[in-house]
Amino acid sequence: MSFSSKIFVRGLATSAKQWSPIKTVTIIGSGLMGSGIAQVAASTGHKVTVVDQTQDIVDKASASIKKSLSRVVKKKFPDDPKAQQTYIADTMGHLTLQTDAVSAVKSADLVVEAIVENLDVKRKLFATLDEAAPQHTVFASNTSSIPIKDIAVATKRGDRFGGLHFFNPVPMMKLVEVIRIPETSEETYNALEAFGKAVGKKTVQCKDEKGFIVNRLLVPYMVESIRLAERGDASTRDIDVAMKLGAGYPMGPFELLDYVGLDTIKFILDGWHESDPTNPLFQPCESLNKLVKENKFGMKTGEGFYSYDK
Ligand SMILES: CC(=O)CC(=O)SCCNC(=O)CCNC(=O)[C@H](O)C(C)(C)COP(=O)(O)OP(=O)(O)OC[C@H]1O[C@@H](n2cnc3c(N)ncnc32)[C@H](O)[C@@H]1OP(=O)(O)O
Ligand SMILES: NC(=O)C1=CN([C@@H]2O[C@H](COP(=O)(O)OP(=O)(O)OC[C@H]3O[C@@H](n4cnc5c(N)ncnc54)[C@H](O)[C@@H]3O)[C@@H](O)[C@H]2O)C=CC1
């Protein structure tokens, strides 16, 4: 990988300059995570193209980014409506939303994939993008649970491949896990880390192991909470109250399950169970399976462990 010039990306959101070789970013998938990553990348001065499957989906993503920005600016410029409008317009001005992934990667320095948590679908996408993207383009997956090396094999650019794992809601959560596989070059790793910092996040490094750091601890905790409720030891409401007031967590486990998406949690648990079937932490979870079967994915569908106004 080589970049013609080193540039500084000035964070609209931060006053400090953070050096990064990445200036043009394509995000594939404009759901919860893709739209959040696009927002923070655009608001820190990157040129961002966001891709999803239909115009209707990208229109919804655009509306959700604007809504999130309007919340950000209220905090950032509390008494300055003009600065609020300028910030939103500047950020939206850095964003293009479209449905064609192939044309979207033609001039990308970095492609971040944030589509459904399914290995076959991710591999198919990356194989197509590998043919279309320039030589220097770095690929990264935002997967929650799939080994990066298993996705990277679909491409011929293992040296320019890594993991960039953001957290939900991206504009608020200050962490990015940066994952390298044995093939990842030093230059690629440094570029991914620099990008994480340039979008205003603290980066941590982790091996390409199940769930990296956060999900390896958080997902078993959430699933154990479901099992605790299934045994009738306590109600979902009381478990949530207990973990917020007794452990200082900002959300209880059931609130967080609904917030992350029960479909995503099931994809994670099923994948881990398949690759490590005897691990008691990864055993299938009846209530989770039932809700997903009923298309109750949590906040995004209006119902999960709790009900929400859509
Ligand atoms: C599955 C994976 O692979 C990995 C994961 O992501 S795991 C999930 C990790 N995430 C978490 O654990 C989230 C835990 N929850 C929290 O940290 C907090 O509850 C939270 C930051 C989400 C919300 O904060 P809160 O104080 O509890 O609630 P809330 O009143 O809704 O928000 C406070 C402010 O935060 C900001 N905010 C919250 N969500 C926002 C968003 N999506 N965009 C922009 N601003 C937002 C707003 O300024 C908001 O104020 P307004 O409501 O006046 O706009
Ligand atoms: N939900 C969460 O809290 C977190 C999720 N992740 C990971 O991020 C990824 C995305 O998750 P979410 O944003 O929650 O999912 P989501 O369901 O909100 O969004 C996924 C989007 O990808 C689109 N998509 C699917 N296949 C596509 C394709 N071939 N081309 C273009 N777009 C496609 C869908 O239309 C959808 O809009 C997953 O790998 C997930 O594990 C990572 C961190 C946190």
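For ligands, and for the atoms within them, numbers begin at 1 and follow the listed sequence.
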Interfacing atoms of ligand 1 (cut-off 4.0 Å, heavy-atom, [X]):
X: F167; answer: 4 (C), 5 (C), 6 (O)
X: M173; answer: 10 (N), 11 (C), 13 (C), 17 (O)
X: M251; answer: 14 (C), 15 (N), 19 (O), 22 (C)
X: V260; answer: 1 (C), 7 (S), 8 (C)
X: V72; answer: 44 (C)
X: S144; answer: 1 (C), 2 (C), 3 (O)

Any idea which protein heavy atom is nearest [atom], and the distance to it?
atom: atom 48 (O) of ligand 1; result: K75 NZ, 2.9 Å
atom: atom 36 (C) of ligand 1; result: M172 SD, 3.4 Å
atom: atom 5 (C) of ligand 2; result: M33 CG, 3.4 Å
atom: atom 20 (C) of ligand 2; result: A114 O, 3.9 Å
atom: atom 53 (O) of ligand 1; result: K74 NZ, 4.9 Å
atom: atom 19 (O) of ligand 2; result: G31 CA, 3.3 Å
atom: atom 40 (C) of ligand 2; result: S144 OG, 3.5 Å
atom: atom 39 (N) of ligand 1; result: R71 NH1, 3.6 Å
atom: atom 8 (O) of ligand 2; result: N142 ND2, 3.0 Å
atom: atom 2 (C) of ligand 1; result: N215 ND2, 3.3 Å

Test of understanding: given a 4.0 Å heavy-atom threshold, classify the contact between [X] and ligand 2 as side chain, backbone, both, or neither.
X: I28; answer: side chain
X: Y259; answer: neither
X: I146; answer: neither

Among the heavy atoms of F166, does any lie under 4.0 Å from an atom of ligand 2? yes

Kindly indicate, with the supporting measurements, whether the criterion side-chain hydrogen bond (donor to acceptor under 3.5 Å, both in side chains) is fulfilled by S275 and K210. CA-CA 10 Å; S275 66; K210 272 188 187 59; 3.1 Å; yes

Polar contact flag for [X] and ligand 2 (N/O pairs, less than 3.5 Å):
X: L125; result: no
X: L32; result: yes
X: V121; result: no
X: I115; result: yes

Per-residue contact class, [X] against ligand 1 - non-hydrogen pairs under 4.0 Å:
X: P169; answer: side chain
X: L218; answer: side chain
X: L256; answer: side chain

Report yes if some heavy atom in the side chain of [X] is under 4.5 Å from a heavy atom in the side chain of [Y]; otherwise report no.
X: I65; Y: L69; result: yes
X: E177; Y: K201; result: no
X: K300; Y: Y308; result: no

Evaluating non-hydrogen atoms only, which member of Q53, K300, E117, K124 is closest to atom 15 (O) of ligand 2?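 Checking each option, the heavy atom nearest atom 15 (O) of ligand 2 is found in K300.
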
Determine, counting only non-hydrogen atoms of the protein, whether one lies under 4.0 angstrom from atom 46 (C) of ligand 1. yes

